[in-house]
Every structure is written in structure tokens, then in C-alpha cells.
Amino acid sequence: MFKVVFPEKTVEFEAPLSVFDAAKAAELVTRAHIAAEVGGQTVGMTHLLTGDCEVKLLTFADAAGKHVFDHTAAHILAQAVKRLYPATKLTIGPAVESGFYYDFDSEIPFTAEALSALESEMKKIVKENHLIERFELPRAEALALMEEKGEPYKVQLIHELPEDAVISFYRQGEFVDLCAGPHLFSTAAVKAVKLTQCTGAYWKGDQNNKMLQRVYGVAFPSKDELKAHLEALEEARKRDHNKIGRELEFFTTVESIGQGLPILLPKGARVIQTLQRWIEDEEQKRGYLLTKTPLMAKRELYKISGHWDHYLDGMFVLGDPDDYTKDCFALRPMTCPFQYQVFLNKKRSYRELPMRLGETSTLFRNEDSGEMHGLIRVRQFTISEGHLVLRPEQLAEEFRGCFELANYCLETLGLKEDCSFRFSQWDPARTDKYEGTPEQWDHAQGVMKEILDDLGIDYKIGIDEAAFYGPKLDIQIKNVFGKEDTLITIQIDMLLAEKFGMEYVDSDGQMKRPYIIHRTSMGCYERTLALLIEKYAGALPTWMAPVQVKILPIGDEHADYAYGVKKQLEAKGVRVEVDDRNETIGKQIRTTQLEKVPYMLVIGDNEMNAGTVAVRSRKDGDKGAVSVDAFLSDLLAEIEEKRR
RNA sequence: GCUGCUAUAGCUCAGUCGGUAGAGCACGUCAUUGGUAAUGACGAGGUCAUCGGUCCGAAUCCGAUUAGCAGCUCCA
């Protein structure tokens with residue numbers, strides 16, 4: 001006799017039985033239930049219950065349920081591939097956040113036509129309604145089975161399993177795959193599937209390994225859900241900054257200038273200027289000292305900082321790096337070693353700390369040719385950079401200050417709700433990539449963990465994501481394709497101070513080593529602009545909009561009045577455009593939705609005679625006739641508030 | 001850097017079998033004059049990304065380069 005506790009009720013059973021049978025006996029199971037959580041672990045509906053347990057039934061709406069569903073879809077894909085391309089070798093095929101993929105080793109490239117053929121075959125497999133059975137084998141038999149089936153990658157995976165691992169397989173029809181599971185009860189539930197793309201991916205994610213073919217797909221329990229998903233995806237892609245940022249004339253690129261070197265057009269440049277002035281002023285209010293340091297330096301500087309050893313491939317080098325009879329320069333990929341010179345300028349007292357140094361800093365990184373992406377990943381960018389030189393006991397307080405500033409920036413930009421936190425740590429197994437000793441890293445990461453936990457930050461840990469000189473708090477954000485990038489970073493650097501011989505005279509007269517925080521307040525302007533464009537679909541909040549007000553005179557006779565209003569607004573710093581194409585167009589008032597202007601002022605006889613403007617707000621629609629003074633004062637208040 | 005795809009007018013795209021280029025929007029001129037995305041007529045715009053090859057002949061076929069897109073790997 002044992003108890004199975006469902007959230008709804010508790011049922012007692014005499015003999016072991018499957019989750020499905022237990023749920024059926026409890027009269028809880030429906031067709032929507034595709035998996036279950038038993039004792040906190042996701043299992044299939046055929047999982048055998050043998051003792052007291054808590055069981056929660058899962059549907060596709062549960063993240064864990066969707067995961068099982070997608071994983072089964074990946075197996076169906078693999079089955080279809082083995083049917084149509086029997087020579088293909090299987091590797092791995094997990095469920096991921098956006099659906100599922102399966103990596104194959106195949107000599108034949110999977111073209112769009114091939115994907116569509118595979119999709120049809122998958123639908124066939126779904127219709128065939130194969131039950132999905134789990135079975136386990138001892139290691140020797142498991143290896144024999146995979147060798148017999150000619151699956152070298154699976155053989156390798158089995159060899160890499162720990163000695164005591166349970167080696168499980170899943171069978172559906174003629175198809176068998178090494179897999180930990182769990183899976184759906186049958187292939188029939190995967191009612192709607194779409195293979196979205198095929199790309200290359202390295203075996204085990206290592207670029208020294210063979211490149212496999214990765215087929216991505218999405219799957220749903222119904223065609224309607226698939227359709228809705230695809231439409232939502234298409235909708236998101238309409239906000240792609242790389243498309244609308246060009247259409248709206250924020251930026252462009254030119255072949256002869258090169259990859260990753262965008263031209264910021266007047267509109268994009270104006271937005272960035274607005275952000276820059278705002279953040280420089282804000283930092284000044286928070287006790288930052290502004291610096292301006294060179295964009296390049298001799299190789300000797302980077303030798304001290306460690307960049308020469310750890311970052312040479314990422315730098316643009318001017319001159320022959322191996323010829324020591326001549327000077328060799330490199331454009332700076334980071335500001336740290338330059339800004340440290342500000343501190344090093346003279347002997348420093350503990351009284352001067354914390355020293356908060358800020359700089360609007362342009363950096364150059366020679367990214368690999370396939371890495372560039374619109375304004376998000378470029379080879380030259382400008383960052384709201386800063387370094388804080390601290391007494392050790394000031395670390396927590398100053399870190400908090402950096403975090404609060406970053407938060408303030410994200411809130412003001414409206415991006416905060418889209419961000420997540422990552423505590424980026426080193427990988428002790430890859431000491432070649434990092435400076436410093438394990439003791440130094442343990443210390444830095446220990447201190448940082450304490451600070452993060454104290455601030456109550458909900459972070460996930462990223463191993464091997466640290467900078468070469470220290471751990472980071474990275475504030476991550478996703479673009480419209482779901483790809484995650486770092487928007488803001490706050491780093492604790494306990495190594496470079498030593499390398500550069502930075503020290504201060506403490507109150508006891510002793511020379512002490514300062515701690516350094518390396519941080520940005522709102523990240524790099526290009527990337528931030530890109531994410532703002534995507535967030536707002538190009539319709540930026542008034543305070544940062546490149547054109548805040550557009551004036552539309554209806555006909556020639558109103559043009560003078562329109563330009564008068566423009567002058568009045570501009571005198572207060574408002575960014576105004578007059579669309580006088582109306583003069584020759586007459587009753588056709590052409591407005592450009594793509595320009596996403598917050599306010600339009602329409603001027604006809606009524607307005608001109610009454611000294612008003614007809615205000616049309618992007619947000620609130622038609623607001624009727626308003627005096628120019630009233631409009632201006634409301635607008636200035638809104639801009640001042642810096643909120644949408 | 002790797003895998004796959006792409007490059008024709010400012011933009012979005014047609015262009016069949018290899019026979020020297022087309023539309024819509026945008027732009028210019030003229031006409032129209034009045035209210036929130038598309039008035040009409042006419043006009044101007046292209047060494048078909050670049051270089052090379054095959055061919056009597058290349059936008060079209062082949063190769064290389066450059067640039068763009070998605071993914072991988074790296075990274076703000």
C-alpha cells in the first residue's frame with residue numbers, strides 16, 4: 001500500500017503502476033497531460049510509481065511539459081532523417097527554449113527542399129502513431145547496439161557516461177535513440193511541426209571539431225498554436241533594428257568602409273548624443289570625474305595589462321607586432337589600462353578614494369568576420385565606460401552604487417523588464433585564458449557573490465564567462481531573434497591594479513593596493529540604441545526621439561506660421577521638423593508612420609488665426625487645438641520626466 | 001573563422017532556355033489645393049556588388065573576393 005499525492009487529491013494503490021494509470025484511477029488525466037513531475041523530476045506518463053510520492057501532471061503549457069514534447073519532436077525529426085538519409089550519423093537533439101534541434105553528421109546538405117521533405121516525413125511518423133518505449137541496457141550491450149546501428153557519436157557519448165550511469169534508450173517504430181528521456185507516450189501527440197532552419201554547429205560546441213548540420217524546429221499540440229507562434233515570430237522580426245534602423249535612417253553601412261563599422265546617420269547620432277549627454281551629466285551628479293584618454297597605445301602598455309597575451313587576436317595592430325626595432329601601436333579594445341594612468345598620475349592618498357572615473361570611450365575590437373550584427377556587434381563602438389579605484393572596505397558600497405546607476409539607466413530607458421543577470425565566473429580548467437591564481441579568483445568571486453547575494457540579485461552563474469582579469473555581473477538582454485547579449489557589465493578587477501603598480505597611502509602611512517571596479521552605466525551606445533529600436537519598434541520615447549515634433553502646414557500660406565512655431569520650439573531645445581512638402585501636395589497630408597514621431601502639429605487657417613496648433617500625439621491620438629505655449633510647456637515637462 | 005543562404009534603380013522586388021534591363025514606392029518638373037499613408041501627367045535613375053573564367057554572346061553558368069542575413073564558435 002502506498003500513497004500518490006496529486007495536488008487535487010491523494011490516492012492509495014496496492015501495486016506499482018504507471019503515472020498514467022494512477023492519474024486515470026484518480027480521474028485526473030486528460031488528453032492534454034503529456035508528462036508529469038514526480039518528486040521534483042520530470043518523467044513520462046509511463047513512468048512506474050512504486051512507493052509514496054507527489055505527482056504533478058504536466059501539459060504543454062508547463063515549461064517542463066513543453067520540454068518533453070519538444071524533445072520527442074526532435075526524435076521524430078531524427079527518425080525522419082534516418083528514413084530519408086540512412087547514411088546520416090546521429091549526434092544529439094535536445095529541446096531548447098525556442099523549440100528543439102537535432103545535430104546530424106551528413107554529407108548531403110539539408111537544403112530548404114530537404115527540410116520540407118523531412119517535415120512531411122515527420123507528419124507521416126506522427127500519423128503512424130508509434131508508441132515510445134524506454135529500455136535500459138548494460139554498458140557493453142548499449143555499445144554493441146550503437147555500433148551495430150553504425151552510430152559512432154552515440155558510441156562516444158556512451159563511453160563518456162560515468163561508470164554507474166543508467167544507459168537508457170527510447171524506441172519508436174523502427175527508430176531507436178540513446179537518450180535519458182523522458183518522452184511522450186506516443187508520436188501521435190505532435191500534431192503540428194515546422195522545421196525552421198538548418199545551420200552549421202560544431203560537435204560538442206568546439207570549433208576544433210567537425211561541423212555538423214543542425215536542424216531547428218518548433219512543435220505544438222495543435223496547428224493553431226503553431227500558426228500563432230509563427231505569426232508572433234514574424235511580428236517580432238518586424239522590430240529587427242537591423243532592418244527598421246536602416247529604414248528609419250538611424251544608421252547605414254558602406255561596403256568600402258567595412259564590416260562592423262556602421263555609419264550613424266543624423267537621427268541615430270542624435271539619439272546617441274541625447275543618451276551620452278544624459279549619462280555624462282548623471283555620472284557627474286554621482287561623483288564621477290570625466291576623463292579623455294587616447295584611442296591607441298604602444299604595444300608595451302598592452303604587455304603590462306595582459307591584453308597582448310590574452311587579447312592580441314581581438315586588437316587592430318598598427319605596425320609589425322614582432323619587430324621590436326620599431327614602435328608598434330594598437331587601437332584600444334578596452335579603456336582600463338588608459339584610465340588607470342589617471343590614478344597613476346601622482347601619489348594618491350586614501351582620502352581620494354573612492355575615485356570614480358568616467359569616460360565616453362570609443363573601443364576597437366577585431367571581431368571575426370562572421371560575428372557582426374547590425375549595431376549590436378560591431379568593430380568600433382563607444383561605451384559609457386568607468387573605473388572606480390577603491391579602498392578594499394569600499395568595495396561593497398561602491399558596487400552597490402554601480403548597480404543602482406545601471407538600474408536607474410535601465411529603468412529610464414525602459415529596458416529593465418527585459419534584462420536578466422549573469423554572474424560570470426572563470427573556468428579553473430582553462431588557466432591559459434585567465435590571469436591570476438586560483439586563490440585570487442576564489443577571493444574575487446567570493447567577495448562578488450557576497451555582494452550580489454546581499455543586493456538580492458537573482459542571477460544565474462555563467463562558467464567561463466569572466467573577463468581575463470576578473471569576475472563580472474553581466475546584465476543580459478535578448479534581441480528579436482532571441483539571441484542574448486550583454487548590455488551592461490560590472491566587474492571586480494583585483495589583478496590589473498597590481499600589474500600597473502597602483503597603490504595609495506593609507507591612513508596608517510602604509511602603501512596599499514586598491515581594488516578596482518570596471519563598469520558601464522548604460523552599456524555601449526550602439527548596442528543600446530539597437531535594443532531601444534527593437535523595444536519600441538522604432539518609436540522611441542519623446543525624450544530620446546530624434547525628431548520629437550513634426551509640423552505639417554496645410555498649404556503655402558501656413559508655412560511661415562509653421563516655421564515660426566518651429567523656431568519657438570527649437571529655442572527650447574526641442575527637435576523639430578517641418579514637413580512642407582504639403583505645400584505642393586494640397587489636401588494630401590502625408591505623414592510617415594515609419595518616422596514614428598511622438599507629436600505632429602497640423603496647421604491650417606483655424607490654427608493660424610487662433611495662434612494654436614492641432615496636436616496629434618502618437619500615444620494619445622488627436623488632442624485638438626492647443627496654444628503653442630501650452631503645448632511647449634507640456635512637452636518640456638514630459639521630456640524632463642524622461643518617462644514615456 | 002566555420003555551415004547554409006543572398007547581392008538587379010535610393011527602397012521592396014520581377015527578369016523563363018545565356019541573346020546588352022522592368023514594376024511599385026521614393027526622387028524631379030508641371031498640374032491639382034485643404035485635415036492625418038499613397039492625386040494625375042511627364043521625367044530622371046542601373047558597367048545587374050567587384051574581379052576573373054567558359055561562351056560568338058553572361059544579370060543569367062563556373063571560380064575567387066567583398067558585403068549582407070540566420071546559426072555555430074567567440075564577445076560589450
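Chain letters run A, B, ... following the sequence lines, proteins first, then strands; residues in each count from 1.
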**Message:** Exactly one of E398(A), E283(A), E404(A), E385(A) should register a salt bridge (charged side-chain N to carboxylate O under 4.0 Å, His left out) with R519(A). Which one does?
**Reply:** E283(A)
**Request:** Would you mind telling me which residue lines up with the more 5' stretch of RNA chain B, R246(A) or A614(A), judged by nearest nucleotide?
**Result:** A614(A)
**Item:** Residue whose nearest RNA chain B nucleotide is more 5′ - R616(A) or G260(A)
**Value:** R616(A)
**Request:** Please determine which of I457(A), L473(A), I490(A), I492(A) meets the side chain to side chain contact (heavy atoms under 4.5 Å, CB included) test together with I451(A).
**Result:** I492(A)
**Message:** Using whole Å, what does the distance between atom C1' of nucleotide U3(B) and atom CZ of F104(A) come to?
**Reply:** 15 Å
**Electrostatic pair K89(A):D105(A) at N-O distance under 4.0 angstrom** = no
**Asked** Dot-bracket, RNA chain B: Watson-Crick or G-U, under 3.5 angstrom, [ ] crossing, | other strand?
**Response** (((((((..((((.....[..)))).(((((.......))))).....(((((..]....))))))))))))....
**Asked** Are the charged groups of D464(A) and R430(A) less than 4.0 angstrom apart, N to O?
**Response** yes
**Message:** Please verify the inter-ring angle class for W308(A) with Y302(A); under 30° counts as parallel, over 60° as perpendicular, anything in between as tilted.
**Reply:** parallel
**Prompt:** Would a line drawn from the ring center of Y469(A) to the ring center of H310(A) be shorter than 6.0 Å?
**Reply:** no
**Ring geometry between H387(A) and Y340(A) (parallel below 30°, tilted from 30 to 60°, perpendicular above 60°)** = perpendicular
**Request:** Using a 4.0 Å cut-off on protein heavy atoms (strictly under), produce a 5'-to-3' string for nucleotides 70-76 of chain B with B for base contact, S for backbone-only sugar-phosphate contact, and - for none.
**Result:** SBBBBBB
List every contact pair, protein side and nucleotides 61-66 of chain B side both N or O, where the distance is under 3.5 Å.
from: U66(B); atom 1: O2'; to: E255(A); atom 2: OE2; distance (Å): 3.3
from: U66(B); atom 1: O2; to: E255(A); atom 2: OE2; distance (Å): 3.4

**Prompt:** Could you go step by step and tell me if H67(A) and V96(A) meet the side chain to side chain contact (heavy atoms under 4.5 Å, CB included) rule?
**Reply:** CA-CA 7 Å; H67(A) 202 267; V96(A) 289; over 6 Å; no
**Message:** For D418(A), is there an ion pair with K535(A) - N to carboxylate O distance below 4.0 angstrom?
**Reply:** yes
